[in-house]
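Before any comments, here is the structure.
Just follow the structure's listing: the first ligand is 1, and inside any ligand the first atom is 1. Residue numbers count from 1 along this sequence.
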Amino acid sequence: MFESLGNRFSNAFASLRSRGKLSNSDISNVCQEIRQALLDADVALSVVEGFVSRIEVEAKAALVDLQAGSNQAQAIFEIVNQALVELLGSQARRVRLAKVAPTVIMLAGLQGAGKTTLAGKLAKYFADLGDTPILVASDLQRPNAVTQLQVVGQNAGIPVFAPQPGNGVGNPVEVAREGIAFAKAKLHNIVIVDTAGRLGVDEELMQEAKDIRDAISPDEILFVVDAMTGQDAVRTAQAFQDGVGFDGVVLTKLDGDARGGAALSIVTQTGKPIMFASTGEKLADFDLFHPDRMASRILGMGDVATLAEQAKKAFSGEGAAKMEEKFARGDDFTLEDFLEQIAAMSKMGSMGKILGMLPGAGAMKKQIENFDESEIVRTKAIVQSMTPAERRDPKVLNGSRRARIAAGSGRQVSEVNSLVERFTGAQKMMKQMRNGKVPAGMPAGMGLPPGAALPPGSFGGMSAPNKGNQPPKKKSRSGNPAKRALEEQG
Ligand code: GDP
């Protein structure tokens, strides 16, 4: 997310920190670097000028106040951080629920912006909060939009009101109106109306959106926009604002190579907050938009708060409680537990995404890119090819069992050996931890909340990109895997 911009900020601050006492001309230079970085990220010129001149004034004032020897570079970093948070909207506003249900949310935006996908994510977000949302299929224009919404609804477990087939057939205003009436009758407290977009802004599109708006009086009109389109996103937003009006922005495709122009310009240019962020095609790739976390990412400090939240969600529930009890009893960490952990981690999204939220992720870019996501699938296949008894006690895995597991999972025996070896290392680490020791090679404080910590086995069976984080490999004394397992047992 905004990698190039993040690298430019990091470089600018690295050069500031490397200096001793800072002068006004150092400030001017860093402001020049920031200005160019923002322009290259396709941030609107007027936004860039306002941002940079504010930083320049505040940073020069800070130099006068700070004594030599105090951490001037850090103070300037804080000034830039604060200015970025404000540029992104300070405290993002949340959806206002109507005093009398249902709350009506209308989605607007160009075709392909991600409205239909977003409709499902938003509905799931509310359902997870205990609301009872329903989706209304008022995009009767785009081929297959109605079917797509039905599929999205099915995946999210949300009902869809779709009385018309779409593909040019049916009246979208009527469908929207009937959808609200249906929601009231069936006591749904939130209605999300998906509307048609066009390839570009045109009068017909605006008129249809206005007609739907007037028919259903939405509590929130959310403008959905593809973050990868940079300043074009801002121009489209302004056209929608003039034509239809909206209350908040949803940025989509933040997982792609968006440079940051849309995110950093849209709040200033439209005066409306960014409320949600979409970061992928799956239902789970969605979050509230947090200006401070986004600023933190841009400045290379990662997004540990989001990581912690996701981990807490993925590692909560019955499975996690059972695992905690198990460890409290002193039971061994087994391959069955390991399999459960892989499943929980998969819920958090791709490994690349998880690692990308860690501070300094910019510097690990290559390793993160090289992380082989299919390794998780392979590891899972190997563990699933074991019998429950083998998973509980991998020491029984002799040569012939390993050959059977390799054949069953379609992998090489060497891969089975390597997994067992790494798992054994992880298991040892767990034992040491239980005995109160912090094992060498343990990932240094992931910043996860209590109860959400990833036991080291989470990485034990996979090629984590940072080899330094892996349990130290013991040199095996025997070439025979069965013998080796016995030796390790000893
Ligand atoms: P609509 O025309 O506005 O309803 O757009 P869709 O919801 O059909 O989305 C257009 C395409 O973008 C689809 O292929 C989606 O899977 C994809 N898409 C939507 N949101 C995201 C996102 O946040 N990230 C990525 N990578 N793709 C997305």
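At the top of the distance list for atom 8 (O) of ligand 1, counting protein heavy atoms only, stands Gln148 NE2, 3.0 Å. For atom 5 (O) of ligand 1, the nearest protein heavy atom (residue, atom name, distance) is Gly114 N, 3.1 Å. The protein heavy-atom contact nearest to atom 3 (O) of ligand 1 is Lys115 N, 2.8 Å. Of the protein's heavy atoms, Asp255 OD2, 2.8 Å lies nearest to atom 26 (N) of ligand 1. Of all protein heavy atoms, the one lying nearest to atom 7 (O) of ligand 1 is Thr117 OG1, 2.6 Å. Among protein heavy atoms, the minimum distance from atom 11 (C) of ligand 1 is reached at Lys253 NZ, 4.1 Å. Here the heavy atom of the protein found nearest to atom 23 (O) of ligand 1 is Ser278 OG, 2.8 Å.
Judged by distance alone, with hydrogens and angles left aside, the side-chain atoms of Thr103 form a donor-acceptor pair with the main-chain N or O of Ala98 at under 3.5 Å.
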**Report entry** Full working for side-chain contact (heavy atoms from CB on, under 4.5 Å) between Leu107 and Ile192
**Finding:** CA-CA 7 Å; Leu107 305 182; Ile192 298 167; 3.9 Å; yes

Query raised in the report: After noting the C-alpha distance and the side-chain angles of Lys115 and Asp139, does the key distance pass the salt bridge (Lys or Arg N to Asp or Glu O under 4.0 Å) rule?
Result: CA-CA 10 Å; Lys115 290 183 297 301; Asp139 179 354; 5.6 Å; no

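Proximity of Asp139 to ligand 1, defined as any heavy-atom pair under 4.0 Å, is not found for any part of the residue.
Residue Glu49 places its CD atom among more than 12 non-hydrogen atoms of other residues, nucleotides or ligands, all under 6.0 Å distant.
The closest approach between a heavy atom of Gly112 and any atom of ligand 1 is below 4.0 Å. Using a 4.0 Å cutoff on heavy atoms, Gly280 counts as a contact of ligand 1.
Heavy-atom minimum distance, Val136 versus Val191: CG2-CG1, 3.5 Å. Pairing each heavy atom of Ala127 with each of Ile158, the nearest pair is CB-CD1, 3.8 Å.
Remark: Arg17 qualifies as a cation-pi partner of Phe77 under the 6.0 Å distance and 45° angle criteria applied to the six-membered ring.
Note: no N/O pair closer than 3.5 Å links Leu254 and ligand 1 by distance alone. For ligand 1, none of its N or O atoms has an N or O atom of Thr252 under 3.5 Å away.
Distances from atom 28 (C) of ligand 1 to the heavy atoms of Arg142, Lys282, Glu281, Gln111 show the closest one on Glu281. Counting only non-hydrogen atoms, the option in Leu118, Leu110, Thr116 that gets closest to atom 4 (O) of ligand 1 is Thr116.
Ring to ring, Phe240 and Phe246 are not that close: their centroids are 6.0 angstrom or more apart.
Remark: the Gln150 side chain and the Gln154 side chain contain no N/O donor-acceptor pair separated by less than 3.5 Å.
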